[in-house]
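Structure first, commentary second.
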Amino acid sequence: GQQVMQIPQYQHVQEGEDFTTYCNSSTTLSNIQWYKQRPGGHPVFLIQLVKRGEVKKQKRLTFQFGEAKKNSSLHITATQTTDVGTYFCAGPEGGSQGNLIFGKGTKLSVKP
Amino acid sequence: DAGVIQSPRHEVTEMGQEVTLRCKPISGHNSLFWYRQTMMRGLELLIYFNNNVPIDDSGMPEDRFSAKMPNASFSTLKIQPSEPRDSAVYFCASSSSRDREKLFFGSGTQLSVL
């Protein structure tokens, strides 16, 4: 079946360092989404990417959708303790119009 | 604006007991999703409703699990009988028809079956 893989599973960084998480789908996606879940919290929608090669920025966060629409990345510049949490990517089952399949997430911890 | 509301926040029960989880989606949203989250399996979709009708329940683990959506503002997920392996966080999420894939999650129910 369709898989959405994320690496790394865990990332520990010093505050101020950069962080990147990668997402790969076994199928071409019509769109990809990113969510953030704080410890003890619930997933919160961050962004949706739709176009090939699309790059979107939210302050220190940069999201990219690959040219083949099968991979994506999230880069955080100069991490802060408020960035702590698990970052999930998600894509529609079957590539489009289907229910979201979530990756296992990358858990980010930031040492002050 | 009230988000997705789930109850209870925590549930501790004994094996064999019936458990009912409740969800109130965001007003105006016509899609509702039940997810289960565990360390081992991550976020798994259990069932999805559109306009109160169950569309895809292929993620429901077995017959012990059932879900209903009697109206647009309420859904339940029932486990009967519960087993220790059902222990997980259960999330309800809703979305609008205009942006179906943008999910709004509730705070979840932490279920522990002893």
Side-chain angles (χ1 to χ4, degrees), chain A residues 1-10 21 23-51 54 56 58 63 65 69 72 85-107, chain B residues 1-10 21 23-26 29-50 53-60 67 88-111:
Chain A
Q2 181 181 351
Q3 291 186 323
V4 176
M5 310 293 289
Q6 277 187 259
I7 57 170
Q9 190 174 0
Y10 301 96
T21 174
C23 177
N24 289 284
S25 170
S26 57
T27 60
T28 302
L29 301 171
S30 61
N31 66 83
I32 196 160
Q33 306 196 10
W34 286 91
Y35 289 77
K36 177 184 178 181
Q37 184 175 19
R38 294 181 186 276
H42 57 277
V44 175
F45 175 85
L46 292 177
I47 207 161
Q48 177 175 277
L49 304 171
V50 179
K51 301 176 183 177
E54 187 172 15
K56 285 188 176 180
Q58 290 179 350
F63 303 84
F65 201 8
K69 301 187 79 173
S72 180
T86 301
Y87 293 85
F88 295 95
C89 63
E93 189 174 18
S96 65
Q97 301 299 320
N99 299 313
L100 283 182
I101 294 180
F102 283 80
K104 291 284 180 67
T106 296
K107 187 174 182 179
Chain B
D1 284 342
V4 176
I5 299 172
Q6 289 188 246
S7 65
R9 286 297 306 274
H10 303 275
L21 312 180
C23 175
K24 176 178 168 55
I26 292 173
H29 282 189
N30 67 337
S31 293
L32 184 140
F33 307 80
W34 282 100
Y35 281 87
R36 177 171 67 176
Q37 186 176 41
T38 60
M39 286 292 292
M40 289 296 294
R41 301 175 70 90
L43 272 166
E44 301 175 279
L45 177 66
L46 300 178
I47 188 169
Y48 148 56
F49 292 85
N50 191 47
V53 176
I55 303 299
D56 183 359
D57 65 354
S58 58
M60 295 286 262
V89 180
Y90 290 81
F91 287 106
C92 175
S94 69
S95 66
S96 68
S97 56
R98 184 176 55 189
D99 205 351
R100 182 177 163 278
E101 290 160 351
K102 181 178 178 180
L103 269 55
F104 292 81
F105 283 81
S107 298
T109 295
Q110 173 78 59
L111 173 65

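All chains are named by letter (A, B, ...) in the order of the sequence lines, taking the proteins before the strands, and each is independently numbered beginning at 1. Nothing here was measured: the structure is a model prediction, and the numbers come from that model.
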For residues B:H29 and B:F104, establish whether the separation of their ring centroids is below 6.0 Å.
yes
Is any side-chain heavy atom of A:F63 closer than 4.5 Å to one of A:Q58?
yes
So which part of B:Q110 gets closer than 4.5 Å to some heavy atom of chain A, the side chain, the backbone, both or neither?
neither
How are the rings of A:Y35 and A:F45 set relative to one another: parallel (under 30°), tilted (30 to 60°) or perpendicular (over 60°)?
perpendicular
Do you know which of B:R41, B:K102, B:E44, B:M39 has the most heavy-atom pairs with chain A at a distance under 4.5 angstrom?
B:K102
Which atoms of B:F33 are under 4.5 Å from chain A, going by heavy atoms: the side chain, the backbone, both sets, or neither?
side chain
Would you check if B:Y35 and A:P43 make a side-chain contact, meaning some heavy-atom pair closer than 4.5 Å?
no
Please look at B:L45 and chain A and tell me whether the side chain, the backbone, both or neither of the residue comes under 4.5 angstrom of a heavy atom of that chain.
side chain
